[in-house]
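Structure first, commentary second.
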Amino acid sequence: MYPEYHREITEALLMDARFLVEGEPAFTSLRDNLDFYQAFFEESFGLSLLCQSNYAFLQSARDNDTLSRDICIFLGVLCYEMDREGKNIMEELSFHTFAYEDVERLLELSSFREVLEATKSLRDGPSRRNFYHLLARRRLIDKIDDEVFRFTPGHRYFLEFARGVAQVRGGADEEE
Amino acid sequence: MILKADPDKVLRFMVENFELMRTLYLAQLSGNVISREQFNAITRHTGEISINRLFEYKLLSWQYDDIRLNEPVRAFLAFLISEFKPLLPSELEKYRTSFSTLFNAIRECPEGEQPILLEQLEALYDEVQRFLENVENNTGQLLRETQQLKANKDKMEYGERIRRARHLIEFYIAPLNSILDLQHSESIASLLGELSAYANRERLSHSYQLARDRFGQLHELLRGGNDRILRQSRILSRELLPLIERLQTESEILSGWLFFLERPFRHEVPSFSTRSYRSFFGSSTGANLELFLEQFIQRAEEVLLQEEEITAVNRHEVLFDRREHVDALHRQLPIDNFFDWCRNRLYQDEQEHSTERFLKICSIVFEDSDHYEAEFTGRRIPIEVEDFIFLAPEVKVSLKPRNEKEHVS
């Protein structure tokens, strides 16, 4: 009656509120039955399902989500620092692994330190440790071992957000 | 003509002073000419004899107040160093004119004018060769420029990088792509295709042997050229364009983050997932609950068994004389229809005709089920109490023989 991996899909998306990403069998099943799941989540819970080519999640109706803001600050500062070091940010985020130690070093020396300190979950090393655990639970990162992690395709959602901001602001600047 | 030295001596001089030649070449590449001041700075540590030889060997020449490498020397150095200025596509466009002119001349060459035909064929061959080399150099240079832009070694601002990327696409890459587009009838590549087809026919059918040979050579070159053009076109469309597109995307992402980080706590954020604890109360909960409750309505006897606890708990509040009912039961045993007997007890001996009281009367048998024997006939009888209709089973109840004694004693 229900598609394969139905339980995994609903548990991941609804109860864990995490990304389903390419490579998970549940993601494949979700994509194969996209119309059903879009209707299922919309009619049962009033939530809209966002499914891109390699990630999916349920969008909450909240417009001021602390976690989302923290992720934006974290990724924004990380991208800025990687670019400053001459790294290719999209390639790094998509294909490379990150050592916590290196990320910590980048954040500690960042010129956006003030912003980080004003953000509860990012203000110091121990807070950030918890934050990384949270990111792993939401499947924005995959922990490879205690020292290294990599980003899942879910990070692209936030990069697209940044791109959108630039396009809106760029357009506004041109109009001025 | 170089009067003051043999060609090999000039080459040796170039070898011995190659770093100087490279510096001069790069200076001219970036500024188009080498100014006197630049020249003086570059040759600060060079002896006067060598400086003079640069001019005597015609490697350099004056152009008003500036200095330039002579064109064949510049081209030679460009070839050696592999560093060029990309040609503007309009510079490549000139080949279209020369190809068409030579092509027309060859097609219209009168019979018997073999010498000029051969010369035209040679000229066309050289021109095609030059065009292909230029295209390859150009693509290579554009690829390098794009990669440099991507690595951002010059630490350019994002806006500047995007502007530079757009400039490369608009003025170099897109036009070059259309020159090399074999699908487009107006492209130089398709003109070369036409030339190739013509040469292919003539190499077999031309009446003059030498002309057939030249057409054969030209055809070979064009056939190979087709592959070379395809390769370049593929580099352009598969590597350069996506590379630049990605660079632009990346710059947009960075600018976006910078805009966001200007006011990170007031800027809107994308809506993300929230953990949902409502999942147990979905749209199906109502139906499930109904189903759950239905079992109690349909299975009256099970409710009876559960009533026991309530009876025990509420014993002090309910004035229910259990003993009296048990005694009555014993007096009348065996009973053919137990629930019907219960109903009669309720209406005859109780003042309160409630469901609860009814269930309490029913419970007397089930509480001491060890003492009684029950036999279900399989029929059901409706029993109406208050607003409920119990579909109770028809049960015959009698005392268990072995317990009868105990009970009496």
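Quick note on labels: first sequence line is chain A, next is B, and so on, each numbered from 1.
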Is there a side-chain contact between A:T152 and A:I141 in this structure, where contact means two heavy atoms from C-beta onward sitting under 4.5 Å apart?
no

Taking atom types as modelled, find out whether A:K87 and A:H96 have a side-chain donor-acceptor pair closer than 3.5 angstrom.
no

Side chain, backbone, both or neither: which part of A:L58 has a non-hydrogen atom closer than 4.5 Å to chain B?
both

Pick whichever of A:G164, A:C79, A:A162 has the most heavy-atom pairs under 4.5 Å with chain B.
A:A162

For the interface with chain A, which of B:P270, B:G256, B:P264 has the highest count of heavy-atom pairs at distances below 4.5 Å?
B:P270

A:E4 versus A:S29, side-chain donor and acceptor atoms under 3.5 Å:
no

Contact class of A:L50 relative to chain B, heavy atoms under 4.5 angstrom
neither

Report yes or no: do A:D70 and A:T119 form a side-chain donor-acceptor pair below 3.5 Å?
no

Fit a plane to each ring of A:F57 and A:Y55, take the angle between them on a 0 to 90° scale, and name the class: parallel (under 30°), tilted (30 to 60°) or perpendicular (over 60°).
parallel

Contact origin within A:Y157 toward chain B - heavy atom pairs under 4.5 Å:
side chain

